[in-house]
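Per chain, numbering begins at 1; letters A, B, ... match sequence-line order.
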Amino acid sequence: MTSSIFDVLKERGYIAQCTNEEEVRGMLANEKVTFYVGFDPTADSLHVGHFLGLMVMAHMQRAGHRPICLVGGGTGTVGDPSGRTDMRKMLTDADIEHNCNRFKEQMARFIDFGEDKALVVNNGDWLRKLNYIELLRDVGAHFTVNRMLAAECYKNRMEKGLTFLEFNYMIMQSYDFLELHRRYGLKLEMGGDDQWSNIIGGVELTRRKTGDAVYGLTFTLLTKSDGQKMGKTAGGALWLDKEKTPVYDFYQYWRNVDDADVEKCLALLTFLPMEEVHRLGSLQDAAINEAKKILAYEVTRLVHGQEEADKAQSAAEAVFGGAGSSENMPTIQLADGDMGSRLLDILVAGGVFASKGEGRRLIQQNGLSLNDAKVTDPDCLLTEENLTDGEALVKKGKKKFYRLVK
RNA sequence: GGGUAGGUGCCCGAGUGGUUAAAGGGAACGGACUGUAAAUCCGUCGCCGUAGGCUACGAUGGUUCGAAUCCAUCCCUGCCCA
């Protein structure tokens, strides 16, 4: 057997670092491998960064391997200092449990948790029971502080201060690997490239404790061509939960990615065949919009399902192309008292503007339209005449649309 | 515990008694240009507002006509010593 999922992952651009490329490649080609990716429950929803990891897991599962989703009920209480300049806010146990449950629901959209096909585990189950002295003797003896301090992930914390609490994160994550190896025969840990230090910690610990060959692999972080992290919006992260990031906004985010990032996103965030990805990625100038539409639709479909993706696409076409249905664009429900009220106040109440000042400014800058006519007066009122069939369309800036419905 | 340097708007960071809603940069937002792209240029970027007012520089008190700026106490962080 020579074909390996490893090659697929590599071709699609997922792989950043690997402990032993040839051995991992061979292992993935010749046996069913149990592997894991960890997710710390720092928020009540997964975001696009996690989605990349889920895509990798999905590819692996399709190739016959068994994924373990580890939610960090234990590590989440400590907080991973990797890539952070400040200590994370401490979460309460109740928060963590709530978040863990949400994660599980969301993961089920991408991973098949059918019989023995995949597992969800919570490292709180074993980490919380650990005895300090035992752990120190058992695990602590295998780590030298010198090596740990040299780890990339602590670099920028050496200046800002790194607490002992967070310093132990690597130990805990390494212990997870060992524990999963013992419980499930785990052979491989995967994670974002920022997890490299933590992952090799686990690989080494497990090797030393058991003598078994185990491996680590990191996947590319989702970054824009200018190096910035992808998936950040004005409102923060791009969430997979539609309550936190509306599907329409989610779709629009991908519809609007930079030309330079289109091919990469198609490869990493969709299951389209690579020939198709290359073809779409090579489109030039205005034609690349075609690729962006497909990207937006596909990613939205994977995350929110076909129906939601259709709605988002339809809403986008209604707004930008004149076709499609406007029904699914963000909607503001008008109250009875709104007729004759100031448009500005209605939009602030509807969340379109964060403050009246912001709205007023936007109007002064010619950034607001009502039914395709520029609004020039900040104090203009919304009247029945503005409505057609009980609806009006408001445009904020160049491409944010809201439907007012009575 | 001792010494020392700090805590400023979304982030970084200037500012050491009035001219400071607070320089500069980044992010973000609006406009022009475009392809729902990028780059560029112009503008905006605490809240309410016609004027004008209100709130804000870790927290709480105080000095002063007037404080982000001075004093006191407290909280937090870095560094050095123990």
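- When both distances must be under 3.5 Å, the Watson-Crick or G-U wobble mate of U19(B) does not exist.
- Taking atom CG of residue Asp377(A) and atom P of nucleotide U50(B), one finds them 11 Å apart after rounding to whole Å.
- U44(B) and G26(B) have their P atoms separated by 15 Å, given to the nearest Å.
- Computed from coordinates, the Lys374(A) NZ to G30(B) P distance equals 11 Å when rounded to whole Å.
- Among the atoms of the strands shown, base atoms are found under 4.0 Å from some heavy atom of Gln252(A).
- Nucleotide G46(B) holds its P atom 18 Å from the NZ atom of Lys356(A), rounded to whole Å.
- The C1' atoms of G13(B) and C57(B) are separated by 13 Å, rounded to the nearest whole Å.
- Here Leu368(A) lies out of heavy-atom contact (under 4.0 Å) with every strand.
- A28(B) atom P lies 16 Å from atom CG of Leu362(A), rounded to whole Å.
- Aromatic ring centres of His65(A) and Phe35(A) lie farther apart than the 6.0 Å criterion allows.
- Taking only side-chain atoms of Arg361(A), from C-beta outward, the nucleotide of A37(B), C47(B), G31(B) with the closest atom is C47(B).
- Each of Arg342(A) and Lys396(A) was assigned the nucleotide of RNA chain B with the nearest heavy atom; the assignment lying further toward the 5' end belongs to Lys396(A).
- An OP1 or OP2 oxygen of C48(B) is reached within less than 4.0 angstrom by a side-chain nitrogen or oxygen of Ser355(A).
- Two residues are said to be in side-chain contact when any heavy atoms from C-beta on lie closer than 4.5 Å; Val299(A) and Tyr251(A) fail this criterion.
- On the P atoms, U77(B) is 27 Å away from U16(B), given to the nearest whole Å.
- Ring centers of Phe110(A) and Phe51(A): under 6.0 Å apart, within the cut-off.
- With P as the reference atom, U60(B) and G9(B) are 15 Å apart, rounded to whole Å.
- No engagement by Val262(A) is indicated, since no non-hydrogen atom pair under 4.0 Å with the nucleic acid exists.
- Between Phe353(A) atom CZ and C47(B) atom P there is a gap of 13 Å when expressed in whole angstrom units.
- A salt bridge does not link Arg207(A) to Glu204(A): none of the charged nitrogens lies less than 4.0 Å from a carboxylate oxygen.
- Across every strand in view, C70(B) sits in a pair with G62(B) that passes the Watson-Crick or G-U test at under 3.5 angstrom.
- With a cut-off of 3.5 Å on both pairing distances, U34(B) has no Watson-Crick or G-U wobble partner at all.
- G31(B) and U64(B) are spaced 47 Å apart, taking the C1' atom of each and rounding to whole Å.
- The shortest distance between the side-chain N/O atoms of Lys398(A) and the OP1/OP2 oxygens of A32(B) is not below 4.0 Å.
- Salt bridge status for Asp259(A) with Lys292(A): present, with a side-chain N to carboxylate O gap under 4.0 Å.
- The partner of C57(B) is absent, by the rule that a Watson-Crick or G-U pair needs both atom distances under 3.5 Å.
- Ionic pairing of Arg25(A) and Glu21(A) is not present here: no N-O contact between side-chain nitrogen and carboxylate oxygen is shorter than 4.0 angstrom.
- A39(B) is unpaired under the Watson-Crick or G-U wobble criterion, no partner having all donor-acceptor distances under 3.5 Å.
- Look at CD on Glu317(A): it is 16 Å from C1' on G35(B), rounded to the nearest Å.
- Taking atom NZ on Lys292(A) and atom C1' on G35(B), their separation rounds to 7 Å, with Å as the unit.
- Rounded to a whole angstrom, the distance from the C1' atom of A56(B) to that of C10(B) is 15 Å.
- Atom C1' of G18(B) sits at a distance of 6 Å from the matching atom of G66(B), rounded to the whole Å.
- Contacts of Asn366(A) with the nucleic acid, taken as non-hydrogen atoms under 4.0 Å apart, involve only primed sugar atoms and P, OP1 or OP2.
- Rounded to an integer number of Å, the gap from CD of Glu358(A) to C1' of C45(B) is 9 Å.
- Separating the C1' atom of U55(B) from that of U4(B) is a span of 34 Å, rounded to the nearest Å.
- In this structure, the nucleotide among G43(B), G35(B), A38(B) sitting nearest to the side chain of Asn289(A) is G35(B).
- Applying the side chain to side chain donor-acceptor pair (under 3.5 Å) test to residues at least two apart or on different chains, the pairs with a partner in residues 52-63 of chain A are Tyr14(A)-His59(A).
- Base pairing of C45(B): no nucleotide in any strand meets the Watson-Crick or G-U wobble criterion (both distances under 3.5 Å).
- Remark: G9(B) base-pairs with no nucleotide; criterion is Watson-Crick or G-U wobble with both hydrogen-bond distances under 3.5 Å.
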